[in-house]
A.B. asks: 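Structure below; questions to follow.
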Protein chains: 2
Amino acid sequence: MRRKPGTLLPLETTILETALDLRGCGEEEFHGFAIAKEIAAHSEARTLTAHGTLYKALARMETAGLLASRWEDPAVGAEQGRPRRRLYHITGLGGQALATASTTRSSSQVYDHRGLVAS
Amino acid sequence: MRRKPGTLLPLETTILETALDLRGCGEEEFHGFAIAKEIAAHSEARTLTAHGTLYKALARMETAGLLASRWEDPAVGAEQGRPRRRLYHITGLGGQALATASTTRSSSQVYDHRGLVAS
DNA sequence: CGAGTATAGGCAGATATCTTCCTATAAGTC
DNA sequence: GACTTATAGGAAGATATCTGCCTATACTCG
């Protein structure tokens with residue numbers, strides 16, 4: 001589907017909300033797989049099939065400036081016996097976009113550097 | 001199945017032979033996934049289902065002293081955008097066991113620190 | 001030789017991320 | 001309002017390793 005720039009899609013809203021949920025546990029950063037598990041746990045039935053959709057959404061959101069990421073030190077993952085993670089955090093723009101989408105309960109609101117803009 | 005100590009199972013023989021094949025390309029070390037791909041490519045039909053069988057065989061062979069392993073530097077895998085590998089090499093005992101199994105074309109030969117022993 | 005036991009092998013899935021291919025649909029254009 | 005087009009989402013799989021569960025069977029012992 002074609003996309004109106006500056007819009008938050010439902011999945012993107014879910015990702016941001018879920019990220020805040022996870023962040024509640026103390027850590028500022030989150031990784032894709034944790035989001036996938038959380039989403040799957042809450043809304044049983046959404047598998048995000050093979051997680052491809054989620055990772056594409058995350059990459060998209062980073063490009064859009066809603067998220068920023070860094071690679072975890074590979075040694076950390078190695079010590080814990082798991083693959084390395086890409087650690088995301090929500091940017092100011094991302095927080096703004098979520099706030100807008102949450103208060104209006106509509107996913108077709110528009111955000112930009114000034115905040116909410118007419119849709 | 002119960003196991004007679006000092007015996008090479010068919011899969012173990014295959015692993016050692018495949019490792020030598022791969023080693024022909026220059027590197028002394030090999031990793032499990034490469035073995036799995038090679039085995040799958042040669043004997044089409046053997047998937048080694050989810051590779052569980054293969055990894056268990058590798059661990060077993062290391063315990064038995066036929067193989068030795070080390071973890072690849074996590075940074076190397078990270079740079080190449082893939083999970084880290086466990087790098088194996090064939091020990092003297094492993095080479096001996098393979099030689100024995102290969103020449104006799106039987107997998108029920110027995111090896112130990114002295115080499116071939118009566119089966 | 002029959003009974004019991006340990007273990008090999010198959011199946012499934014967790015841990016993480018990414019890619020490619022295809023389809024469905026929202027947005028823009030006229 | 002119909003047509004075109006870009007893109008989101010789903011399906012599948014590559015890259016690596018490991019664990020647990022269950023079954024089949026080779027081996028051992030009486």
Side-chain angles (χ1 to χ4, degrees), chain A residues 1-15 30-41 45-64 69-74 76-88 107-108 110 119, chain B residues 1-15 30-41 45-64 69-74 76-88 107-108 110 119:
Chain A
M1 69 178 144
R2 206 150 168 176
R3 166 133 201 208
K4 189 189 328 197
T7 303
L8 264 199
L9 294 172
L11 175 57
E12 293 168 349
T13 307
T14 305
I15 288 172
F30 59 93
H31 63 284
F33 205 74
I35 296 282
K37 275 194 300 184
E38 195 69 8
I39 292 178
R46 303 204 59 180
T47 329
L48 254 32
T49 35
H51 308 134
T53 305
L54 180 75
Y55 285 110
K56 267 191 289 188
L58 289 171
R60 199 197 308 151
M61 290 166 80
E62 183 166 19
T63 304
S69 78
R70 67 179 183 92
W71 278 105
E72 178 187 59
D73 177 3
V76 174
E79 273 165 45
Q80 292 179 32
R82 54 164 178 73
R84 86 227 130 111
R85 297 171 176 165
R86 184 189 280 271
L87 300 174
Y88 290 91
S107 58
S108 56
V110 171
S119 64
Chain B
M1 71 178 141
R2 206 150 168 175
R3 169 135 198 207
K4 190 189 325 200
T7 303
L8 264 199
L9 294 171
L11 175 57
E12 294 168 349
T13 307
T14 305
I15 288 173
F30 60 93
H31 62 285
F33 205 75
I35 295 283
K37 276 194 299 183
E38 195 70 9
I39 291 179
R46 304 204 59 179
T47 330
L48 254 32
T49 35
H51 308 134
T53 304
L54 180 74
Y55 285 110
K56 269 189 288 190
L58 288 171
R60 198 196 310 152
M61 289 166 80
E62 184 167 18
T63 303
S69 79
R70 67 179 183 92
W71 277 106
E72 178 187 59
D73 178 2
V76 174
E79 275 165 44
Q80 293 178 31
R82 53 162 179 75
R84 89 226 129 107
R85 296 171 177 166
R86 184 190 280 271
L87 300 174
Y88 290 92
S107 57
S108 55
V110 172
S119 64

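Every chain is numbered from 1 and lettered A, B, ... according to where its sequence line falls, protein lines coming before strand lines. Computed over heavy atoms, backbone and side chain alike; hydrogens, waters and symmetry mates excluded.
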A.B. asks: Round to a whole Å and report the spacing from CD of A:Q80 to P of C:dT15.
C.D. replies: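 Those two atoms, CD and P, are 12 Å apart.
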A.B. asks: Of the nucleotides D:dC18, D:dC27, C:dT15, which has the atom closest to the B:K4 side chain?
C.D. replies: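 Selected nucleotide: D:dC27.
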A.B. asks: Starting from P on D:dC18, measure out to CD1 on B:I35 and report it in whole angstrom.
C.D. replies: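 B:I35 atom CD1 is separated from D:dC18 atom P by 14 Å.
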A.B. asks: Between P on C:dG2 and CZ on B:R2, what's the gap in Å once rounded to a whole number?
C.D. replies: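 After rounding, the gap between these two atoms is 19 Å.
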A.B. asks: Counting heavy atoms from C-beta on, name the nucleotide in D:dT5, C:dG9, C:dT20 closest to the side chain of A:K56.
C.D. replies: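 Side chain of A:K56 sits closest to C:dT20.
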A.B. asks: Taking atom C1' of D:dA16 as reference, at what distance in whole Å does atom CG of B:L54 sit?
C.D. replies: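 After rounding, the reported distance stands at 12 Å.
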A.B. asks: Heavy atoms from C-beta onward define the side chain here; which of D:dA16, C:dC18, C:dG4 lies closest to that of B:H31?
C.D. replies: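 When the side chain of B:H31 is considered, D:dA16 is the closest of D:dA16, C:dC18, C:dG4.
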A.B. asks: Select one nucleotide: of D:dA16, C:dT17, D:dT17, the one nearest the side-chain heavy atoms of B:R82.
C.D. replies: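 Nearest nucleotide to the side chain: D:dA16.
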A.B. asks: Would you give the length of the straight line joining atom CD1 of B:I35 to atom OG1 of B:T14, rounded to the nearest 0.5 angstrom?
C.D. replies: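 The OG1 atom of B:T14 is 10.0 Å from CD1 of B:I35, to the nearest 0.5 Å.
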A.B. asks: For A:F33 and D:dT15, give me the distance from atom CZ to atom P, rounded to whole Å.
C.D. replies: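 Distance check: A:F33 CZ to D:dT15 P gives 19 Å.
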A.B. asks: Counting side-chain heavy atoms from CB outward, which of C:dA8, D:dG9, C:dT15 is closest to A:L11?
C.D. replies: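 Out of C:dA8, D:dG9, C:dT15, the nucleotide with an atom closest to A:L11's side chain is D:dG9.
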A.B. asks: Can you identify which nucleotide, out of C:dG10, D:dT17, D:dA26, has its nearest atom closest to the B:T53 side chain?
C.D. replies: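 Among the listed nucleotides, the one closest to the side chain of B:T53 is C:dG10.
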A.B. asks: What's A:G32 touching, base or sugar-phosphate or nothing? Going by heavy atoms closer than 4.0 Å.
C.D. replies: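 Here A:G32 touches the backbone only, sparing every base.
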A.B. asks: Measuring from the side chain of B:W71 (C-beta onward, heavy atoms only), which nucleotide among D:dC18, C:dT17, C:dG4 has the closest atom?
C.D. replies: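 My answer, after comparing the listed nucleotides, is D:dC18.
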A.B. asks: Between B:R60 and A:Y55, which is nearer to the 5' end of DNA chain C once each is assigned its nearest nucleotide?
C.D. replies: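 Final value for this comparison: B:R60.
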A.B. asks: I'd like to check the side chain to side chain contact (heavy atoms under 4.5 Å, CB included) partners of B:Y55; sequence neighbours left out, ordered by chain and number.
C.D. replies: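 Checked B:Y55 against side chain to side chain contact (heavy atoms under 4.5 Å, CB included); matches are B:F33, B:H51, B:L58.
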A.B. asks: Are any of A:R3's side-chain N or O atoms less than 4.0 Å away from OP1 or OP2 of C:dT25?
C.D. replies: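 So the side-chain polar atoms of A:R3 never come under 4.0 Å of the phosphate oxygens OP1 or OP2 of C:dT25.
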A.B. asks: Nearest to the B:L9 side chain among C:dA8, C:dA6, D:dT15, which nucleotide is it?
C.D. replies: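 Minimum distance to the B:L9 side chain belongs to C:dA8.
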A.B. asks: Taking side chain to side chain donor-acceptor pair (under 3.5 Å) as the definition, give me every residue that meets it alongside A:R70, ordered by chain and number, with sequence neighbours left out.
C.D. replies: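 For A:R70, the residues satisfying side chain to side chain donor-acceptor pair (under 3.5 Å) (neighbours in sequence not counted) are A:E29.
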A.B. asks: Counting only side-chain heavy atoms from C-beta out, which of C:dT15, C:dA8, D:dT28 sits nearest to A:P83?
C.D. replies: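 Side chain of A:P83 sits closest to C:dT15.
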A.B. asks: Could you tell me how far apart A:L8 (CG) and C:dA27 (P) are, to the nearest whole angstrom?
C.D. replies: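 It is 13 Å, rounded to the nearest whole Å.
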A.B. asks: Please pick, from D:dA26, D:dT17, C:dT15, the nucleotide with the shortest atom-to-atom distance to any side-chain atom of B:R85.
C.D. replies: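 That would be D:dT17.
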